[in-house]
Every structure is written in structure tokens, then in C-alpha cells.
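Data block below; observations after.
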Amino acid sequence: MASYLQIADDEKGHELDLFCVPRHYENDLEKVIIPHGLIMDRTERLARDIIQDMGGHHIVALCVLKGGYKFFADLLDYIKALNQNSDKSVPLTVDFIRVKSYCNDKSTSSVQVMGEDELSSLAGKVSPVMFDIVETGRTMQTLLSLLSECKPKMVKVVSLLVKRTPKSSGYRPDYIGFEVPDAFLVGYALDYNEYFRDLSHICILNEQAKEKYKV
């Protein structure tokens with residue numbers, strides 16, 4: 001079972017004025033729930049675990065866009081550092097796919113996958129799939145079914161966040177950064193209608209902001 005850092009349901013978070021938060025978002029957020037430095041430390045440990053488990057194989061790291069791009073970039077930087085500074089290194093290539101399943105703060109009934117025609121590079125390879133957040137698990141299960149058609153040697157899902165929600169299908173990733181409460185989170189490339197990707201910390205979005213940026 002994957003280890004993770006749990007953020008409790010009653011976690012009070014941190015006041016915004018303790019951190020550098022873009023001024024245009026100051027009235028849109030309740031609290032900082034995971035500071036950027038903590039994200040980076042946890043990501044570094046995930047990189048070590050992945051290398052230990054998948055070392056010796058050609059790794060094709062798959063980034064799930066758009067929300068996973070920041071986690072993907074930072075995780076790959078740590079993996080590259082391990083490659084360069086240890087006795088054991090692995091060949092590493094990358095690929096990208098885009099998944100969309102949200103409108104405003106609601107998960108839609110459909111999962112749109114774009115870029116699946118470019119995944120032939122996964123055939124016979126070991127692929128860690130880098131994801132931003134797993135909520136119901138439906139999006140990830142749809143993607144895994146699609147990836148299986150490419151006949152990879154092994155697929156492991158790495159998710160920065162897993163949300164505790166009664167809507168969950170029970171799916172759990174192979175690697176988890178944080179388990180988080182059932183709140184709408186933004187920052188570190190997690191968005192609300194494309195806003196907040198430029199926020200370094202992971203924060204709780206307030207209700208006024210949901211109306212302000214609603215489409």
C-alpha cells in the first residue's frame with residue numbers, strides 16, 4: 001500500500017499573509033493548506049521511491065496535462081538528479097497526454113482524452129504516469145484502460161494528491177504525495193477554470209471565487 005502524508009479534515013491550514021501569494025488572488029483563497037516547500041520535499045522522496053522500484057528499466061514518464069505539468073517537471077528534476085549522482089541510473093524519456101473532466105467545481109460525466117494517438121512509445125516500456133489529483137478515480141481508470149492498449153511493460157500511477165471523498169470509486173494510485181480533505185484545491189498548477197495555475201502553494205478556494213471565475 002502506498003505511503004503518503006495525510007492532511008486531516010480539521011486541518012486549519014496557514015494564513016495567507018505568512019506566504020508570498022499573488023495579490024490578484026488574495027481575496028479568492030481561504031488558507032494555504034500545503035506550502036510549496038512541503039510539496040517539494042515530498043516530491044523529492046517520491047522520486048527516490050520511483051527510482052528504487054523501477055530502476056533498471058527504460059522509463060517513459062507520462063505527464064497528464066494540464067494540472068500535472070508542475071508536479072511532473074519537479075519530479076523529473078529530482079529523478080534526473082538521482083540519475084546523475086548515484087551508481088545506478090536509468091534511461092528516461094517523456095511523453096504527454098491531456099485529460100479534461102471538470103467544468104467549474106464539478107466533475108463532468110465525461111472524460112475527454114487528447115493526445116492518445118502519440119503513445120506508441122509506451123510499448124514494452126515502464127511508465128510512471130504523473131497525475132495532479134485523484135478524486136473519484138474515474139478519470140484515472142479511463143486513462144489506464146486506454147494505456148493498456150499500448151501494451152506497456154508496466155504502468156505505475158504517481159499522484160500528487162488523493163482526495164478523501166464519498167464519491168471515490170476506491171481506486172488508489174501506486175504512489176501518493178498527500179491525502180487531502182474533500183475541499184476544492186487550487187495552486188501548483190491545479191486550476192479553477194484555468195485560473196490559479198500560477199500559484200505556488202496549494203490552497204483552498206473560497207466560495208466567492210467560485211462565482212467570480214465561473215463560466
Side-chain angles (χ1 to χ4, degrees), residues 1-11 13 29-31 33-34 39 42-43 46 61-72 75 96-116 119 122 127-150 152 154-197 199 201-207 209-211 213-215:
M1 185 176 180
S3 60
Y4 52 85
L5 185 60
Q6 185 180 74
I7 308 297
D9 288 333
D10 59 356
E11 169 62 48
L29 308 168
E30 289 185 12
K31 301 280 186 179
I33 193 167
I34 311 178
I39 297 169
R42 183 73 189 116
T43 301
L46 288 173
L62 181 63
C63 176
V64 181
L65 300 168
K66 293 181 182 176
Y69 84 85
K70 193 77 178 74
F71 177 51
F72 178 81
L75 186 58
F96 299 87
I97 194 167
R98 184 178 174 189
V99 174
K100 184 176 177 64
S101 61
Y102 258 82
C103 181
N104 297 319
D105 61 341
K106 301 290 189 252
S107 179
T108 63
S109 58
S110 64
V111 178
Q112 302 175 40
V113 180
M114 292 147 274
E116 67 269 28
L119 297 179
L122 299 183
S127 180
V129 181
M130 319 299 193
F131 211 67
D132 55 349
I133 184 167
V134 171
E135 297 188 31
T136 65
R138 185 175 65 246
T139 299
M140 200 66 247
Q141 288 170 317
T142 298
L143 182 55
L144 287 173
S145 177
L146 180 66
L147 294 178
S148 68
E149 298 174 9
C150 302
M154 180 196 308
V155 172
K156 296 287 187 180
V157 176
V158 189
S159 184
L160 175 63
L161 306 176
V162 171
K163 184 178 286 188
R164 289 188 300 277
T165 170
K167 299 176 183 178
S168 172
S169 65
Y171 171 78
R172 303 285 286 185
D174 301 287
Y175 302 89
I176 300 170
F178 303 87
E179 188 184 78
V180 296
D182 192 7
F184 199 91
L185 305 179
V186 294
Y188 194 68
L190 280 78
D191 76 303
Y192 179 77
N193 292 333
E194 298 302 324
Y195 292 93
F196 303 99
R197 296 195 195 276
L199 179 64
H201 314 288
I202 294 178
C203 302
I204 298 176
L205 190 69
N206 65 32
E207 292 301 319
K210 291 178 184 179
E211 288 300 315
Y213 299 105
K214 193 174 183 179
V215 295

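Just the heavy atoms: all of them, side chains too, but no hydrogens, waters or symmetry mates, feed the values below.
For the atom pair NZ of Lys66 and CD of Glu194, the computed distance is 3.5 Å after rounding to the nearest 0.5 Å. Separating the CG atom in Leu46 from the CZ atom in Phe178 is a distance of 8.5 Å, to the nearest 0.5 Å. Summarising the geometry, atom OG1 belonging to Thr136 is positioned 11.5 Å from atom OH belonging to Tyr171; distances are rounded to the nearest 0.5 Å. Atom SG of Cys203 and atom CG of Leu29 lie 5.0 Å apart (nearest 0.5 Å). Here the NE2-CD1 distance, from His201 to Ile33, works out to 13.5 Å after rounding to the nearest 0.5 Å. Separation of atoms CG (Leu205) and CG (Leu199) is listed at 10.0 Å; rounding is to 0.5 Å.
Contact annotation: the side chain of Met140 never approaches that of Pro173 to less than 4.5 Å [non-hydrogen atoms, C-beta and beyond]. Here the side chains of Leu143 and Val157 are not in contact, with every heavy-atom distance at 4.5 Å or above. Taking the side chain as every heavy atom from C-beta outward, Leu5 and Ile34 never approach each other to under 4.5 Å. Between Leu160 and Tyr188, some side-chain heavy-atom pair lies under the 4.5 Å cut-off.
The main-chain N or O of Gln141 is never found under 3.5 Å from a side-chain atom of Ser145 such that the two would form a donor-acceptor pair.
Using a 4.0 Å cut-off between charged side-chain N and carboxylate O, Glu11 and Lys31 make no salt bridge. Using a 4.0 Å cut-off between charged nitrogen and carboxylate oxygen, Arg164 and Asp9 count as a salt-bridge pair.
A search for side-chain contact (heavy atoms from CB on, under 4.5 Å) contacts involving Ser168 returns Thr165, not counting sequence neighbours. Checked against side-chain contact (heavy atoms from CB on, under 4.5 Å), Lys156 has the following partners two or more places apart in sequence or in another chain: Met54, Met154, Asp174, Tyr175. Glu211 is linked by a side-chain hydrogen bond (donor to acceptor under 3.5 Å, both in side chains) to nothing, counting only residues two or more places apart in sequence or in another chain. Under the side-chain hydrogen bond (donor to acceptor under 3.5 Å, both in side chains) criterion, Gln6 pairs with Glu179, not counting sequence neighbours. Every residue was checked against the side-chain hydrogen bond (donor to acceptor under 3.5 Å, both in side chains) condition with Asp10, not counting sequence neighbours, and none meets it. Listed by chain and residue number, Tyr25, Tyr213 satisfy the ring-ring contact (aromatic ring centres under 6.0 Å, His included) test with Phe196 (two or more places apart in sequence, or in another chain).
For the pair Pro152 and Val155, the tightest heavy-atom approach, listed with the atom from each and the gap, is CG-CG2, 3.4 Å. Across all non-hydrogen atoms, the minimal contact from Gly137 to Ser169 is CA-OG, 3.9 Å. Listed here is the closest heavy atom pair of Pro166 and Asp182: CD-OD2, 3.8 Å.
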- Let me see the working for Val158 and Val129 under side-chain contact (heavy atoms from CB on, under 4.5 Å), right down to the final yes or no. CA-CA 6 Å; Val158 189; Val129 181; over 6 Å; no

- Message: Please determine whether side-chain contact (heavy atoms from CB on, under 4.5 Å) holds for the pair Leu161 and Leu190, giving the CA-CA distance in whole Å, both sets of side-chain angles, and the decisive distance to 0.1 Å.
- Response: CA-CA 10 Å; Leu161 306 176; Leu190 280 78; 3.7 Å; yes

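Both tests do not hold together for Arg197 against Tyr69: distance to the six-membered ring centre under 6.0 Å, angle to the ring axis within 45°.
When each of Ile39, Ile133, Asp132, Val186 is tested with Ile202 by the rule side chain to side chain contact (heavy atoms under 4.5 Å, CB included), just one qualifies, namely Ile39.
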